[in-house]
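A short write-up of the structure that comes next.
Not measured: the values here are computed from a predicted model. Naming convention: chains lettered A, B, ... in sequence-line order (proteins, then strands); numbering from 1 in each chain.
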Number of protein chains: 2
Amino acid sequence: MTVSQIDEEVAKLLELKAQLGGDDGKQTFVLKTAKGTRDYNPKQMAIREKVFNTIVSCFKRHGAETIDTPVFELKETLTGKYGEDSKLIYDLKDQGGELLSLRYDLTVPFARYLAMNKITNIKRYHIAKVYRRDNPAMTRGRYREFYQCDFDIAGQYDPMIPDAECLKIVYEILSELDLGDFHIKVNDRRILDGMFAVCGVPDEKFRTICSTVDKLDKMLWEDVKNEMVKEKGLTEEAADQIGEYVSMQGGMDLAERLLHDPKLSQSKQACAGLTDMKQLFSYLQLFQITDKVVFDLSLARGLDYYTGVIYEAVLCQTLQAPTPAPAEQNGAVSGEEGGVSVGSVAGGGRYDGLVGMFDPKGRKVPCVGVSIGIERIFSIMEQKLSAEKVRTTETQVLVASAQKNLLEERLRLTAELWNAGIKAELLYKKNPKLLTQLQHCEETGIPLVAILGEQELKDGVVKVRNVATREEVRKLYKFAAEINKFVSCC
Amino acid sequence: MTVSQIDEEVAKLLELKAQLGGDDGKQTFVLKTAKGTRDYNPKQMAIREKVFNTIVSCFKRHGAETIDTPVFELKETLTGKYGEDSKLIYDLKDQGGELLSLRYDLTVPFARYLAMNKITNIKRYHIAKVYRRDNPAMTRGRYREFYQCDFDIAGQYDPMIPDAECLKIVYEILSELDLGDFHIKVNDRRILDGMFAVCGVPDEKFRTICSTVDKLDKMLWEDVKNEMVKEKGLTEEAADQIGEYVSMQGGMDLAERLLHDPKLSQSKQACAGLTDMKQLFSYLQLFQITDKVVFDLSLARGLDYYTGVIYEAVLCQTLQAPTPAPAEQNGAVSGEEGGVSVGSVAGGGRYDGLVGMFDPKGRKVPCVGVSIGIERIFSIMEQKLSAEKVRTTETQVLVASAQKNLLEERLRLTAELWNAGIKAELLYKKNPKLLTQLQHCEETGIPLVAILGEQELKDGVVKVRNVATREEVRKLYKFAAEINKFVSCC
């Protein structure tokens, strides 16, 4: 029996037991979330909200709309889009009706949406969870349920203008999130294909050799070469020629030089890719982001559907152990070299053929997009903030009482604060101790406490204390009229 | 063969065809979303964002934290929580490993979260999609995938204080969303149970009679009575006695009166419920929301897990056909009377036993909460805004050119605007016509257009036009230094 078979048997037996009412009605549940998934607690949610705000602000700054699609699609919508990875798709049980699968990414549902609604141009972002029955590595930030943050530009436009904007977006987001130094590798599927052709790789081996090259940031060249020659049957000579090209890195100069490379320039595809690469760099110069962008011939993203420029952003920082290592989502890859983790945090590229796969007449809608590897970023932010106190509420004032029997007064004042748009709380006890109330402020970071007492009520005032400095002011307290003075002091 | 069997066969055949490559590689897909689900287009998303902002602001004003849980749970986590409705749960296919189901609501995952993390008090909200294999009625706003917006207070507190806050929240949200007049029905599971007892309903029939009473807002009393007597075997006398009680509506006065009702006061349970009801109304008076709250003995929410106060908010407005009628989510019910739809838009109650079902030692955590029926609210908002233009982007400026060959200048200025935090766009064409650029502003509601021209570039200025008024100003245009002047004009 395998481990997963055992898990399954156990689950079946427990379910049977639960149905039988087991343990005198007190059913013993396995109290856990599904394998590879997790809850987000309030602190994690506060961090998540902060990261999303930064990303969404950037997408909106670039004029993007947003859409949403269902969490599951018809199974056939996903069929034939992910190559070997299709085995990682979650299917729903056949309970009668349609056969459904959980979405594997946001790109295929986006293409389905465009074709279905006959949309030929749109700039949209989509932030949602996707599902992969992958081997989870939770401590390394790899989950079976995880967020993707996608930004895509669909439409027939002049070359490389939207592509350059995608890179600008990655640059802005990674700069604003302040995750440390990063660089963005750029390549082009056509340059890769051209390179394979001139190095003598047979057409039918392009994809498989491409996925081997894709491992270069995790494996040494020797091992990559071995896989090409021994496993995939490439000649040693072809592998060595590829090895020369994939060690090249540069900028516009490299693209220029390769356009005159005696071998590579024989490939029309490669030349088209190299010409576009030059154009791309000229736009990146106008955007002043070439300091972080590298034309890197070893970049070969896995997904089948890319047709042109591809890119991937990598953090340069050396993380300390225990390291939440790279999320390998969306084909984003990760590298580890002796305890030092370097992680991919964004990736994407051009996919001009995908929408056409959904159109009955095969009409193409050119697309280019980028996906931010948000789980990896969450992990880094959580790690950064692990020692710090992160507020999980935004409460401005706690309405407290110094004596007994003031619940009604507390309720009345709290409601007035709510009605005035002030974030306020009270403890749900009739007679809480003042100390308990002040402790609640300190634990949850509430900055102000409004303290009601018999004397203050007689005087028609309320005492407002700054929790941190213990400074106190007595404010006029005429329930409705003076509310604005109260607001201004908050 | 049934229709769903046919659908299924067709889906299987189409998938087989797709695998075989069918149609010369151009596969014919059924271009649709899964039954009972829909995409949100940008306009719908803009409305959704607006509604969520109102709701989340209210939750935050009341000091709530937020959590998130996975979209699927272990199947056994959901077992035995939903009574008859369990048949509506979506199961995942057994692909090896754990047996999983999509969440049916947010309350059971919340209870699982509390028990798993041994949390005994928290005030949290959770906005997420839930899944029910119900008969969809899309035009009436009933979907198989739909949002729930839940706010819950867990913890051992003095009676009715958190319960009153939940009602205050419903009052605030429905007022702010401006959906028209509404009222909130309140009742208590203990009053219902006490009423059933004193009317002579046998203990084992409480739940089934309760679910019949629950239909009173959709069915006439005669039909409800019929179901009780003929289908559920109640005596005519018992049914008539129930009929008298469930026609009662009032406020604190009614609770007071029923405490002295010769029959009902014989039930300890009913008395406990009525005493709490009086207490609740005293707090609602302090909150000044009794104008919309009705103590209604016919309110009997379906879900098994309620143990105390229950409530439901209903819109009073008469909707015009074609009416997106009530979403019956979370047990929220809906009523239709000859073309006039009156819909439940929020509901909830106290469930003190649910968390204990997950705790190995059965330790209870008292909880009270409310769920906002957001799909129904989306439908109403969409209907309200259907004729209006809703902006789907927030772009402030389009960077345009009046002559050819100014792409580089446009790219440079746009990047500077982005860097200054201004929401800006440009058309992705080398030489777009000025008219095309202005049309883009008008179609998408961009208020300003920055127009670059040869003369302006020579003069070091940029012309900024207000799209609506056509007013123009010439701004100094020194790429970096003058950017702030530009900002201030936006």
Side-chain angles (χ1 to χ4, degrees), chain A residues 4 7-8 11 14-15 18 26 29 31 33-35 37 39-42 45 60-61 63 65-72 74 76 79-80 90-93 96-100 113 115-116 145 157-158 161-162 283 286-287 358 362 392-395 408 411-412 415 418 423 425 428-430, chain B residues 4 7 11 14-15 18 26 29 31 33-35 37 39-42 45 60-61 63 65-72 74 76 79 90-93 95-100 113 115-116 133 145 157-158 161-162 283 286-287 358 362 392-395 408 411-412 415 418 423 425 428-430:
Chain A
S4 66
D7 284 350
E8 200 182 318
L14 286 175
E15 200 193 353
K26 254 178 244 154
F29 290 98
L31 259 183
T33 59
K35 186 180 175 189
T37 69
D39 297 317
Y40 283 80
N41 67 31
M45 287 298 280
K60 287 187 173 174
R61 194 160 60 235
E65 311 178 287
T66 185
I67 68 162
D68 196 15
T69 64
V71 80
F72 43 67
L74 299 187
E76 55 173 340
T79 303
Y90 277 98
D91 291 328
L92 269 72
K93 189 169 155 184
E98 302 158 335
L99 294 177
L100 306 172
Y113 175 83
M116 192 171 135
E145 174 187 62
Y157 299 120
D158 282 320
I161 311 178
Y283 295 148
L286 291 170
F287 287 163
F358 289 104
T392 57
T393 71
E394 298 177 7
T395 310
E408 294 198 356
L411 285 170
R412 197 180 282 129
W418 288 332
K423 294 166 192 149
E425 280 182 66
Y428 303 123
K429 293 278 183 185
K430 282 196 166 173
Chain B
S4 67
D7 285 350
L14 285 175
E15 198 193 353
K26 252 180 248 157
F29 290 97
L31 259 184
T33 59
K35 186 180 176 190
T37 69
D39 297 317
Y40 284 80
N41 67 31
M45 287 297 281
K60 287 187 172 175
R61 194 160 60 236
E65 311 178 287
T66 186
I67 67 161
D68 195 15
T69 63
V71 82
F72 43 68
L74 298 187
E76 55 172 340
T79 303
Y90 276 98
D91 292 328
L92 268 74
K93 187 167 157 186
Q95 294 170 290
E98 301 157 334
L99 295 177
L100 306 173
Y113 174 82
M116 190 172 136
R133 293 182 59 256
E145 174 187 62
Y157 299 120
D158 282 320
I161 312 176
Y283 295 149
L286 292 169
F287 287 164
F358 288 105
T392 57
T393 71
E394 299 177 6
T395 309
E408 294 198 356
L411 286 170
R412 196 180 282 131
W418 288 332
K423 294 165 191 149
E425 281 183 64
Y428 303 123
K429 293 278 183 184
K430 282 198 166 172

| Is A/E98 paired with B/K35 through a side-chain N to carboxylate O contact shorter than 4.0 Å? |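 Salt bridge flag = no for A/E98 with B/K35.
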Indicate the atoms forming the closest heavy-atom contact of [X] with [Y], along with that distance.
X	Y	answer
B/F72	A/T37	CE1-CG2, 3.5 Å
A/M45	B/T66	CG-O, 3.3 Å
B/Y113	A/D39	CD1-OD2, 3.4 Å
A/K423	B/K60	CG-O, 3.8 Å
A/A415	B/F287	CB-CD2, 3.6 Å
B/L74	A/A34	CD2-CA, 4.0 Å

| field | Test item: A/D68 side-chain N/O and B/Y40 main-chain N/O as donor-acceptor pair under 3.5 Å | value |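 No; zero donor-acceptor contacts below 3.5 Å.
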| said: Could you check whether any side-chain N or O of A/E394 sits under 3.5 Å from a backbone N or O of B/G63, counting only pairs where one atom can act as donor and the other as acceptor? | reply: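 Such a contact is absent between A/E394 side chain and B/G63 backbone.
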| query | Where does A/E145 contact chain B at under 4.5 Å (heavy atoms): side chain, backbone, both or neither? | reply |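 Only the side chain of A/E145 comes within 4.5 Å of chain B.
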| request: Tell me, for A/L100 versus chain B, whether the close heavy atoms (under 4.5 Å) come from the side chain, the backbone, both or neither. | output: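 It is the side chain, since no backbone atom gets that close.
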| task | Return the orientation label for the B/Y428 and A/Y157 ring planes: parallel under 30°, perpendicular over 60°, tilted otherwise. | result |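 Taking A/Y157 first and then B/Y428, their aromatic rings stand perpendicular (interplane angle over 60°).
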| For A/K429, does the NZ atom sit with more than 12 other heavy atoms under 6.0 Å from it, leaving out its own atoms? |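 Counting other residues, nucleotides and ligands, NZ of A/K429 exceeds 12 neighbours.
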| query | Given the rule in the side chain to side chain contact (heavy atoms under 4.5 Å, CB included) test, do B/I161 and A/L411 qualify, once you have shown the distances and angles that lead to the verdict? | reply | CA-CA 9 Å; B/I161 312 176; A/L411 285 170; 4.1 Å; yes
| request: Mind checking the CD-CG spacing from B/E408 to A/L286? Nearest 0.5 Å is all I need. | output: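 Going from CD on B/E408 over to CG on A/L286, the span is 5.0 Å.
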